[in-house]
Amino acid sequence: MAAYLQWRRFVFFDRETVKAPAGPEGATPFALPPGITVCDSGRGSLVFGDMEGQIWFLPRSLQLSSFQAYKLRVTHLYQLKQHSILASVGEDEEGINPLVKVWNLEKRDGGNPLCTRIFPAILGNKPTVVSCLTVHENLNFMAIGFADGSVVLTKGDITRDQHSKTQILHEGNYPVTGLAFRQSGKITHLFVVTTESVQSYMLSVKDYPRLELDTHGCGLRCSTLSDPSQDLQFIVAGNECVYLYQPDERGPCFAFEGQKLIVHWYRGYLIIVSKDQKSSPKSEFAGSDPQNSDKQILNVYDLCNKFIAYSTVFDDVVDVLAEWGSLYVLTRDGKIHALQEKDMETKLEDENGLKNRVIRVGTRKSQLARIQTDSVVEMLRERYLNLHFEIVAMSTTGDKILDTALSKIGEKSLFTKELENALERNEVDLVVHSLKDLPTSLPPGFTIGAICKRENPHDAVVFHPKNYGETLNSLPEKSVIGTSSLRRAAQLKRRFPQLEFRDIRGNLNTRLKKLDEKEDFSAIILAAAGLRRMGWENRIGQILNPKDCLYAVGQGALAVEVRARDQEILDMVSALHDEETVLCCIAERAFMRHLEGGCSVPVAVSSMLKDSQLYLTGAVYSLDGSDSLKETMQTGITYTQQNEDGASDDVQHVGITAKNIPAHAQEAAENLGVEVASLLLSKGAKHILNVARQLNDA
């Protein structure tokens, strides 16, 4: 237990025993049917198999139902999360090869789920015991592990006999204790762990090349796959340490002592059930019953931030399942215990909560960046009065290179890379950016946890003191206008061909100083939002409307970037989301990403949400503005209530996690951006952008 003491401890979950629907005598603890042998969850139900061959379903209403799946017993279940497909292993006759059955839960056969496929688990006649089962969510792979050290792989449509092929993938001398598919892009891996080794197979390549990752393994049910927030790492829990693996290497190791019994991953947390090392004192009447001292500890770990979010003791855990937004612990006495994660406000009020934790906020060193960060921190302080914030300022690549046009540098993360490095190293807990500085594809492990209400997104003209009262249209011919943006220059060259446009770099203070103290520029173009935040609104001589100049993707909005797996910080900052701004920016970022645009090509947008209609205008330009394409489309946005069965796993839309905004509204916004980009591409936008890139590089 010494290793546990190095980690901070919190009580971020509430525990209660699930009660049956109230009867004449009131509510009593819910009781599972006897003889349960195996459990799983998904698609709105807890699923159980028993010694009598029945499969049971427990929905949120707690109305149990069952059907006879096997004549003897059910030994393994795997419920897919994205499909109403259940795979099972069981026995119809004593001593006969176990049977795999695949069930379609949406179709019925005489009132029972439709069995779409039956086949023997073991290839050949060599008798052995099935130890584990897993199915790929794309329904194209199924893997079965055996006690004799072999693994059988089924490839193809696992729901139909004629569309798949089964073969022996792995043979060894030690029992297979865990299997997990990992999908990354188009690459599929299968992790195989035995009592003595950890290996990975690449299933996207012919002959399925194998790589041995380690020479020690784990027991049954002591391995799991993390979610994307932890980079889909395969987690193997030995009795001394917990190891994390990528398909080609071993990653971090954590020294958690104690005999591990059950391991699960749940929404950014690692769940471990282990034997309690401390024996309870026996009375003289206790006799030799081992259950008097054989307690089990359930710990909920946040590996990213190195703290224990919850710890509790149970008598005899059968399994731990996740469904309906909560954890459910099944114990041998037939009871179900719910572990419900507390909301952020409650965590902060808890004397063991986050209020004693200093939240470190990363930002750039420029005056505008500090003002923007201070405004975000102030909004958080207003919501979380007991929380302490510390601002950490640092210089970025974009701040250091001031003698080269932004479009010439070629770095996608000019103003974000150093801040993200600090976030990855846990040196800061969140980072405040101008959203337009963030690439549409963030590095793995990061997400935009909040987008604040947008300031005026349009561009503004600041004139030299001698030109007060002028507009761009009234300036003398050949007047020089300063801008660091290809987007602005391309549009304004097209709109005001009588003017000249030259690059100007530096922060707002520097650019205004260059304008005021020299005669090089008649005016400069800046974002109206930055000028307003700096308190220099009086310097704005002209606001450019969309007819003159469409704005940059995300312009005027502030984004809070966090570690995707840091659920506490993600929950905290999500309160800052402004729904209209989020939907507009999702559409804009999806448009940019589908075009594969960036600061090195002129891409521009304008968006608006009005009367439940989201409008997006997107445009691309040649460098001189002579060639352009522009289109406007719209989509309906509806705001129905979230699924009553609870929130699903957090999903990112173009790098944004906004679980408090309806998912279908976000999907509609993202689809709108893709549709506008696709329309422009069909009309030749790719050629315009390619030429712009080549000319800019030259």
A side-chain contact here means heavy atoms from C-beta on lying under 4.5 Å apart; do [X] and [Y] qualify?
X      : Y      : result
Tyr310 : Leu339 : yes
Ile36  : Val38  : no
Ser274 : Leu261 : no
Glu137 : His83  : yes
Leu244 : Phe254 : yes
Val198 : Glu212 : no
Val192 : Leu179 : yes

key: Reference residue Val242; test side chain to side chain contact (heavy atoms under 4.5 Å, CB included); the match among Leu303, Val236, Leu270   =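 Result: among Leu303, Val236, Leu270, Leu270 is the only option passing the side chain to side chain contact (heavy atoms under 4.5 Å, CB included) with Val242.
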ask   = With sequence neighbours excluded, what pairs up with Arg182 under the salt bridge (Lys or Arg N to Asp or Glu O under 4.0 Å) test?
value =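 Expected list: none.
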Check whether any side-chain N or O of [X] sits under 3.5 Å from a backbone N or O of [Y] as a donor-acceptor pair, and report yes or no.
X      : Y      : value
Glu323 : Gly42  : yes
Lys260 : Asn239 : yes
Ser164 : Gly156 : no
Ser204 : Thr188 : yes
Thr37  : Gly49  : yes
Ser45  : Val47  : no
His388 : Ile359 : no
Arg43  : Gln79  : no
Asp157 : Thr159 : yes
Asp207 : Pro209 : no

Test item: side-chain donor near acceptor, [X] and [Y], under 3.5 Å:
X      : Y      : value
His170 : Tyr201 : yes
Asp40  : His76  : no
Gln54  : Ser66  : yes
Glu196 : Thr194 : no
Gln340 : Ser326 : yes

Say you draw a straight line from [atom1] of [X] to [atom2] of [Y]; how long is it, rounded to the nearest 0.5 Å?
X      : Y      : atom1 : atom2 : result
Leu442 : Ile448 : CG    : CD1   : 5.0 Å
Ile262 : Cys222 : CD1   : SG    : 8.0 Å
Thr447 : Glu561 : OG1   : CD    : 8.0 Å
Tyr78  : Ile85  : OH    : CD1   : 13.0 Å
Leu330 : Phe314 : CG    : CZ    : 10.0 Å
Asn426 : Asp566 : CG    : CG    : 8.0 Å

State which residues pass side-chain contact (heavy atoms from CB on, under 4.5 Å) with [X]; sequence neighbours excluded, sorted by chain then number.
X      : answer
Asn173 : none
Thr166 : Arg117, Leu123, Val152, Thr154
Arg73  : Met51, Thr75, Glu91, Glu94
Lys101 : Tyr70, Ser88, Asp92, Leu99, Trp103, Cys115, Ile118

Check [Y] with [X], please: is the shortest side-chain N to carboxylate O separation under 4.0 Å?
X      : Y      : result
Asp319 : Arg221 : yes
Lys295 : Asp316 : no
Arg563 : Asp429 : yes

key: Where Ala143 and Leu153 come nearest, the two heavy atoms and their spacing   =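 In this case the closest contact between Ala143 and Leu153 is CB-CD1, 4.4 Å.
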task = Compare every heavy atom of Gln246 with every heavy atom of Leu213, then report the nearest pair and how far apart it is.
result = CD1-O, 3.5 Å
Do [X] and [Y] make the cut of ring centroids closer than 6.0 angstrom?
X      : Y      : answer
Phe234 : Phe181 : no
Phe307 : Phe12  : yes
Phe256 : Tyr301 : yes
Tyr243 : His216 : yes

ask   = With sequence neighbours left out, which residue pairs that include part of residues 235-252 fulfil the salt bridge (Lys or Arg N to Asp or Glu O under 4.0 Å) condition?
value = Asp214-Arg250
message = Test side chain to side chain contact (heavy atoms under 4.5 Å, CB included) on Phe48 and Leu58; report intermediate values, then the result.
response = CA-CA 8 Å; Phe48 315 106; Leu58 182 66; 3.9 Å; yes
